[in-house]
Structures are given as C-alpha cells and as structure tokens.
Amino acid sequence: MIDTYKHKGLRKNLINELREKGITDYKILEAFDAIPRHYFLDTVFEQQAYSNIAFQIGAGQTISHPFTVAFQTSLLGIKKSDSVLEIGTGSGFQTCILCELGAKVVSIERQRELFIKAKEMLRFFKFTPRLIYGDGYKGQESLGPYDKILVTCGAPFIPEDLKKQLKIGGIMVIPVGDRDKQKMLRLTKINQNEYIEESYGDFSFVPMLERTNHIIG
Ligand code: SAH
C-alpha cells in the first residue's frame with residue numbers, strides 16, 4: 001500500500017471540506033490525516049478515495065462517507081482510553097479512526113468476508129481492537145459496559161442489549177429508521193433506565209441485519 005504526495009494532497013483537501021462542513025475537533029481531523037482512506041478501497045476507486053462519497057467494500061456493503069464517519073465520531077466526543085463498542089466494522093476505516101483517537105475498541109461485524117479483511121487492515125496499522133464476528137444486536141456484554149457505543153448501520157429500533165451495555169453517563173450514536181432513511185440519534189444514559197435523546201438529521205446507511213451465531217475471532 002503506497003501513500004503518495006498526491007494522496008496526501010487529496011487528503012488535505014478532504015480535511016478542509018470536513019472543516020467547512022462543521023467538523024472542528026482538530027483531533028478528528030488529524031486522525032483523518034493519519035489514516036489513508038484509499039488503503040480501504042479497491043485500487044479502481046483509489047483516485048476517488050478522498051471524495052466525500054460512499055463506496056462498495058464487498059459483500060454488498062459500503063464504507064461510510066468521510067463526513068458521516070467524522071460526524072458520528074464528533075457526536076461521541078471520544079476521549080483517550082474510552083471503551084467503545086462499534087457495530088458494523090465494515091472496512092475497518094471507522095475502527096482505525098477510533099483507535100487513532102486512543103479509544104479501546106470492540107467492533108462487531110456480521111459478514112465474515114469483511115470481518116477477515118478488516119482484521120488484516122487493523123493489523124497493518126498495528127492497532128489492537130477486539131474484532132468480533134457476530135451479531136451487533138446483542139453487543140458484547142462480556143467486554144462491557146462501554147463509555148461509548150457507535151452503530152454504523154441503519155437500525156430499525158434501538159436494541160435493548162446495547163442500551164444495557166452502555167455505562168451511566170455513556171453516549172450511544174445510532175441511526176434509526178427504515179431502509180431508505182434514518183435519523184441520527186445521540187442517547188446519553190443518565191441512569192439505569194433514563195436517556196436524553198437528541199436527533200441530528202437524516203442519513204442513509206446500509207441496514208442493520210440480524211444474525212444468530214456469535215463467534216469471537
Ligand atoms: N464502519 C464501517 C461502515 C460499514 S457499513 C466502515 O467504516 O467501513 C455497515 C456495516 O454494518 C456493514 O459492513 C454490515 O455488514 C454491518 N452490519 C449490518 N448489520 C449488522 C449486525 N447486526 N451486526 C454487525 N454488523 C452488521
């Protein structure tokens with residue numbers, strides 16, 4: 001994998017675009033600079049890796065728009081050493097951004113092909129999150145509770161298990177809606193059964209699908 005001056009230049013432009021769209025946290029912008037997005041895409045798409053668009057990553061899934069990744073990350077307010085549960089590892093790009101910010105990440109993916117590819121990518125970057133092949137609806141109770149939970153696929157509802165696995169004071173960011181359109185919700189858990197819910201506009205994610213087996217890799 002090669003990171004040329006051209007790639008670096010395109011990355012700077014993307015970072016400026018993210019800043020113009022309201023991403024002001026310099027740590028997030030620095031993380032976007034540190035993780036070359038084109039490594040996560042097929043070489044045919046490489047030239048467009050720094051455009052603000054989503055791409056196929058195999059198994060009918062897409063890597064999220066850079067703005068979406070940056071926006072969800074900023075809603076979470078990631079602090080160094082936060083424990084973060086991510087649902088939908090996909091390409092592993094968002095996982096790398098979280099790791100680069102110093103979070104301790106557990107990430108679940110239900111497509112085996114993507115889980116295997118993402119494992120290689122994370123190893124390449126020398127990050128050490130716990131990657132799990134399984135069903136994100138169930139979360140991963142044994143490694144929780146978590147400071148932050150991030151769902152990167154469109155959920156039909158907020159899964160109870162994920163709510164339970166969030167620490168009091170913790171934040172969950174989850175797009176909730178139907179197949180075409182979801183509202184970006186931020187939940188802050190204020191006590192065992194109470195949450196503050198804020199809504200941040202419409203997005204369009206690939207759907208969160210159910211799966212039964214749960215194998216730790
Ligand atoms: N964060 C990813 C986004 C990938 S798209 C990235 O940066 O590339 C969303 C991912 O969620 C897809 O890979 C899809 O397979 C996965 N997904 C869908 N339903 C799921 C579920 N129930 N559990 C875990 N992953 C799921």
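Since the structure is predicted, the reported quantities are computational estimates derived from the model, not experimental observations. For the numbers below, each heavy atom of this structure counts, side chains included, while hydrogens, waters and symmetry mates do not. Atoms within each ligand, like the ligands themselves, are counted from 1 in listed order. Sequential numbering from 1 along the given sequence is applied to the chain's residues.
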Practice task
Please say whether the positively charged group of Lys163, taken as NZ for Lys or CZ for Arg, lies over the ring of Tyr195, i.e. under 6.0 angstrom from the six-membered ring centre and within 45 degrees of the axis.
Solution key: yes

Exercise for the section: Please determine if Asp135 has a nitrogen or oxygen closer than 3.5 Å to a nitrogen or oxygen of ligand 1. Expected result: yes

Handout entry: Element-labelled atoms of ligand 1 that are located less than 4.0 Å from some non-hydrogen atom of Ile63
Key = 8 (O)

Problem - Donor-acceptor pair, side chain of Lys104 and main chain of Pro129, under 3.5 angstrom - result: no

Completion exercise
Taking only non-hydrogen atoms of Tyr137 and a 4.0 Å limit, the atoms of ligand 1 in range are 22 (N)

Problem - Heavy-atom side-chain proximity of Phe71 to Pro66 below 4.5 angstrom - result: no

Problem - Close side-chain approach of Met121 to Phe125, heavy-atom, < 4.5 Å - result: yes

Exercise for the section: Determine whether the aromatic ring centres of Phe124 and Tyr39 lie less than 6.0 Å apart. Expected result: yes

Exercise for the section: Using distance alone, determine whether Thr152 and ligand 1 share an N or O pair under 3.5 Å. Expected result: yes

Practice task
Would you check the N or O atoms of Ser91, main chain and side chain alike, for any that come under 3.5 Å of an N or O of ligand 1?
Solution key: yes

Fill in the blank from the handout: The atoms of ligand 1 lying under 4.0 Å from a heavy atom of Pro207, numbered in the order shown, are 18 (C), 19 (N)

Practice task
Would you kindly specify which portion of Ala59 sits under 4.0 Å from ligand 1, judged on non-hydrogen atoms: side chain, backbone, both or neither?
Solution key: neither

Handout entry: Polar contact flag for Gly88 and ligand 1 (N/O pairs, less than 3.5 Å)
Key = yes

Practice task
Would you mind listing which atoms of ligand 1 come within a distance below 4.0 Å of any non-hydrogen atom of Val206?
Solution key: 5 (S), 9 (C)

Handout entry: Side-chain heavy atoms of Arg179 within contact of Pro207, under 4.5 Å
Key = yes

Handout entry: ligand 1 contact on Thr62 by region, counting heavy-atom pairs under 4.0 Å
Key = backbone

Fill in the blank from the handout: Honestly, for Glu109 the part within reach of ligand 1 (heavy atoms, under 4.0 Å) is both

Completion exercise
Ser64 heavy atoms within 4.0 Å reach ligand 1 at atoms 3 (C)

Practice task
Any atoms of ligand 1 less than 4.0 Å from a non-hydrogen atom of Leu114? List them with their elements.
Solution key: 13 (O)

Practice task
Please could you name the atoms of ligand 1 that Gln111 approaches to less than 4.0 Å, counting only its heavy atoms?
Solution key: 15 (O)

Practice task
Check whether any side-chain heavy atom of Ile87 sits under 4.5 Å from a side-chain heavy atom of Met208, and report yes or no.
Solution key: yes

Practice task
State, with a plain yes or no, whether a side-chain heavy atom of Leu166 is found less than 4.5 Å away from one of Ile171.
Solution key: no

Problem - For the student: nearest non-hydrogen atoms of Gln94 and Leu150, plus distance - result: CD-CD2, 3.5 Å

Completion exercise
Of Leu41, Thr89, Leu209, the one whose closest heavy atom lies nearest atom 19 (N) of ligand 1 is Leu209

Completion exercise
Candidates Gly136, Cys96, Ala155; heavy atom nearest atom 23 (N) of ligand 1 found on Gly136

Handout entry: Residues clustering with Ile196 (ILVMFWY side chains joined when closer than 4.5 Å, directly or via others)
Key = Ile190

Practice task
Return a yes/no value for Glu86: is any of its N or O atoms, backbone included, closer than 3.5 angstrom to an N or O of ligand 1?
Solution key: yes

Exercise for the section: Assess the pair Tyr50 and Phe32: is the distance between their ring centroids shorter than 6.0 Å? Expected result: no

